[in-house]
Amino acid sequence: MSNSRCQLTQLHVLLPSLTKGSKKHDPGSRNKPKVMHRLGSWHRYHFHVSCKPLVNPSSLASLNTNYAFNSFHDLTENLCNRLLNSCNGSALLKQIHSSLTASGIIKRNSHLGAQIIIKYAKFGDNNSARSVFDTILGDKSNSFLWNTMIRAYANGGCHVEALELYSFMRKTDIAPNNYTFPFVLKACASKSLIIEGKVVHGDAIRTGFDFDLYVEAALVDMYAKCGQTDEGFKIFDKMLMRDLVCWTAMITAYEQAEQPHKALLLFQKMQLDGVLADAVAIVSVASAVGQLGDTMKAKIVHAYAICNGFLADVSVENAIIAMYAKCGNVSKARLVFDLMEERDGISWNSMLSCYTQNGQASEALLLFEEMLDSGCKPNPVTALIMVSACAYLGSQHLGRKLHNLVIDEKIKIDATLRNALMDMYAKCGDLDTATRIFNDIHLSERNATSWNVVISGYGMHGYGKEALNLFSQMLQAGVEPDHITFTSLLSACGHAGLIDEGRKCFADMKKHSVTPQAKHYACMVDMLGRAGLLNEAFDMIQQMPIPQSDGVWGALLLACRIHGDTELGEIAARSLFQLEPEHAGYYVLMSNIYAASNRWQEVGKLRQDMKDRGLRKPSAFSVIEFGKEVHGFLTADRVNPYWQEVYRKVESMAVEMKMVGYVPDLSCVLHDVEEEDKEYILSYHSEKLAVAFGIMKIDPEIAIHITKNLRICSDCHSAFKFVSYVYGRKIVVRDANRFHHFQDGTCSCNDYW
DNA sequence: TTAGGGTTAG
């Protein structure tokens, strides 16, 4: 009796929700008569109860008990079903839950229990879902209920709990079925738990579900996400029947394993098999083409998407933007972006990322402002992209502004974003803030990337010993160094001239199970070469157990230019011309080595070779932050409104550099320039200026970050090295082709042969 | 009444 009173009270409380839900029902729905009937029944019942709220026990006793209670339960369960279907708030869900628990219905009706589990999972409340599961478990249990709870865990990111529950299930009499395995395998895949995944695979074989289409697709996906693509392919290959999802799972597996050729080959086979692609498949294929960086193939995928009507799908459009971005085709990406009818956060992020990936950080900043104006809220990924754009521009002002925006917008600063912010501050010259962020990270939360960023930051500012000290701390903290750590360390040693320490670091790599890659050899060659140990650098290249890269020979060629070693320079250049025949920079570097030793004939030959190949060195530029703006700055640039301030500052810095003992290297400036002018030219554009800038800790109103030497003639726009304009004086500089007459910010040139 | 494949960053 008390039960029935309780149920009546709960029903009364729930009435408004049901009525509200019924109003939302689509009048054109095919379910309308059924629902109206249910509602009608319920209203009649409710009306009856409302008229007689205080039920007389004797009148109830006079009723046919079975009929009354069955009817009541049916109504209650129907009502709860309806409520659960329309329930979109956790408060109402908890109300329904407590109602069903109090009435005891939840123990009898596992269907309703499962529906509540599903709803709780949808609201991200797996603890409540589990309490429902545990309530029902003792009384009535079946695979469906277990599957529902495992699914709730697997979809809600509680992968360990999903596996523990599956393990518990195996110990009971409840047998897993074809629904169980995809859920459990998903949990294994999400955490790359290959051992557990193989156990589940074994269970699927034992129970005979390993040939179920859904289980097979889940197995392919699990093996792929655990990095065992070939194992996944074995299952895929043995499948008697394959649908689109299975094909896509395997294509995605190859794409994720960075085997784009195999992914595309499989896509072709799928089409030959008569299986039509859908949006999900196209996204994977577009990603594979992006990995190839093949614009022609990208255009084919784009055309395929248009012809099959996939461009109405935002995800496909986003994937196509990312594809063009990776192919370096920014204009095509922008075209797709501009033509989109609807954009989501990923669309904006993809386009922003497209700009940063292709060195157009300023464009990214402009688009970011458009994004904010459009009302699209930046998320942590947006913040990451934009922080890297600020790092690229070296703009401390923009970086700080962005950091403030992240705080104002309450964007979650996770470990990745914190590392990116640290990197940005270090690259913008604000090592103090970078260090402060690093120090604020709890020791246990500092991952390898955090250490790498701070080591690299100290290294790039010339603090080699501090970088080495941080490395020792990293080891003490029990964080294993990776290949990036050693690149940062070797680079730090190179910048600070710590040769012995650099050699030791290189030797220590094996101890930490890091195999030296081409970039590590390049750092070593650069370090040794700059120190004048050209033969040791050359020997190192020759003894490399891996293929010699253009990076190592490039480092040697640069060292030969610094130390005037034409003979070794020629050896390096020959290798470079073979490895990278289209790289204009190496021809220019070698021609400068010849020029420095007055071998003009060879200079001419190289220049002619460049012309014959149609090579032109792209103009290099400095990035200068003045006030709140970032400017690109070319040689002899008087277009920039702040050119006078910039030159004044550079001039004062050059004086300070000389005071701290910097001796400019004049060997490569051509001989037509007066000694005094050579020094002046180099003081503008030496990479050491940037290093000195950090060492001297100058905090000027103008921050200057020299990224590359300036190499452009404003008249002929030809690219060459060590030509510069000296403000207020006319100078004549000769390169391999011409004389360049610089005066008052302009340059005229004429051929000299 | 419960199912398998996807895009942005790092």
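The chains referred to below are lettered A, B, ... by the order of the sequence lines, with proteins before strands, and numbering in each begins at 1.
- Here A/Cys354 lies out of heavy-atom contact (under 4.0 Å) with every strand.
- Here the nucleotide nearest the side chain of A/Tyr179, chosen from B/dA3, B/dA9, B/dG10, is B/dA3.
- For A/Glu164, there are no salt bridge (charged side-chain N to carboxylate O under 4.0 Å, His left out) partners at least two apart in sequence or on another chain.
- Comparing atom distances between the A/Ala322 side chain and each of B/dT8, B/dG6, B/dA3 picks out B/dT8 as nearest.
- Ion pairing of A/Asp423 with A/Lys427 is present here, as a side-chain N (NZ or NE/NH1/NH2) and a carboxylate O approach within less than 4.0 Å.
- The phosphate of B/dT7 has neither OP1 nor OP2 within less than 4.0 Å of any side-chain N or O from A/Gln291.
- By the 6.0 Å contact criterion, CD on A/Glu445 is enclosed, its count of non-hydrogen atoms from other residues, nucleotides or ligands being greater than 12.
- Residues from residues 264-287 of chain A that place a heavy atom under 4.0 Å from any atom of DNA chain B, listed by number: A/Asp278, A/Ala279, A/Val280, A/Ala281, A/Val283, A/Ser284.
- Within the structure, salt bridge (charged side-chain N to carboxylate O under 4.0 Å, His left out) pairs that include any residue of residues 120-131 of chain A comprise A/Lys94-A/Asp125, A/Arg130-A/Asp134 (at least two apart or interchain).
- If you take NZ of A/Lys186 and C1' of B/dT2, they are 13 Å apart, rounded to a whole angstrom.
- Proximity of residues 305-319 of chain A to DNA chain B (heavy atom under 4.0 angstrom from any strand atom) is restricted to A/Asp313, A/Ser315, A/Asn318.
- Atom-to-atom, CG of A/Asn147 to P of B/dT2 comes out at 11 Å; the value is rounded to the nearest Å.
- For DNA chain B, the neighbouring residues in residues 206-225 of chain A, judged by any heavy atom under 4.0 Å, are A/Asp212, A/Leu213, A/Tyr214, A/Ala217, A/Asp221, A/Lys225.
- A salt bridge is defined here as a Lys NZ or Arg NE, NH1 or NH2 lying under 4.0 Å from an Asp or Glu carboxylate O, and A/Arg206 with A/Asp203 meets this definition.
- Ring-plane geometry between A/His403 and A/Tyr425 is classed as tilted, the angle between the planes lying from 30 to 60 degrees on a 0 to 90 degree scale.
- At a threshold of 4.0 angstrom between heavy atoms, the contacts of A/Leu244 include nucleobase atoms, whether or not backbone atoms are also involved.
- Residues A/Trp247 and A/Phe267 keep their aromatic ring centres 6.0 Å or farther apart.
- Between the NZ atom of A/Lys377 and the P atom of B/dT8 there is a distance of 25 Å, rounded to whole Å.
- Under 4.0 angstrom from either OP1 or OP2 of B/dT7 there lies no side-chain N or O belonging to A/Ser350.
- Using cut-offs of 30° and 60° on the angle between ring planes, the pair A/Phe181 and A/Phe209 is tilted.
- Atom-to-atom, CE of A/Met386 to P of B/dG10 comes out at 12 Å; the value is rounded to the nearest Å.
- Distance OH (A/Tyr392) to P (B/dA9): 17 Å, rounded to an integer number of Å.
- Taking only distance into account, the side chain of A/Asn349 never meets the base of B/dA9 through a donor-acceptor pair shorter than 3.5 Å.
- Checking the phosphate oxygens (OP1, OP2) of B/dA9, a side-chain nitrogen or oxygen of A/Gln357 falls inside 4.0 Å.
- Nearest approach of A/Ala391 to A/Cys428, heavy atoms of both residues: CA-SG, 4.5 Å.
- Across all strands shown, A/Asn419 has no heavy atoms under 4.0 Å from either base or sugar-phosphate atoms.
- Ion pairing of A/Lys269 with A/Asp273 is absent here, as no side-chain N (NZ or NE/NH1/NH2) approaches a carboxylate O to less than 4.0 Å.
- Counting heavy atoms of neighbouring residues, nucleotides and ligands inside a 6.0 Å radius, atom NZ of A/Lys198 exceeds 12 of them.
- In this structure, A/Ile413 places its CD1 atom 20 Å from P of B/dA9, rounding to the nearest Å.
- In terms of modelled atom types and a separation under 3.5 Å, the side chain of A/Arg242 and the main chain of A/Phe236 share a donor-acceptor contact.
- Taking the charged nitrogens against the carboxylate oxygens, A/Asp221 and A/Lys225 do have a contact shorter than 4.0 Å, which makes a salt bridge.
- Atom-to-atom, CZ of A/Phe133 to C1' of B/dT2 comes out at 13 Å; the value is rounded to the nearest Å.
- Listed nucleotides B/dG4, B/dT7, B/dA9 differ in distance to A/Leu384; the shortest reach to its side chain belongs to B/dA9.
- A donor N or O paired with an acceptor N or O is found under 3.5 Å between the base of B/dG5 and the side-chain atoms of A/Thr248.
- Aromatic pair A/Phe168/A/Trp146: centroids less than 6.0 angstrom apart.
- Put simply, CE on A/Met386 and NZ on A/Lys401 are 10.5 Å apart, with the number rounded to the nearest 0.5 Å.
- A heavy atom lying under 4.0 Å from DNA chain B marks none of the residues of residues 160-173 of chain A.
- Taking atom CG of A/Leu417 as the reference point, atom P of B/dT8 lies 18 Å away to the nearest angstrom.
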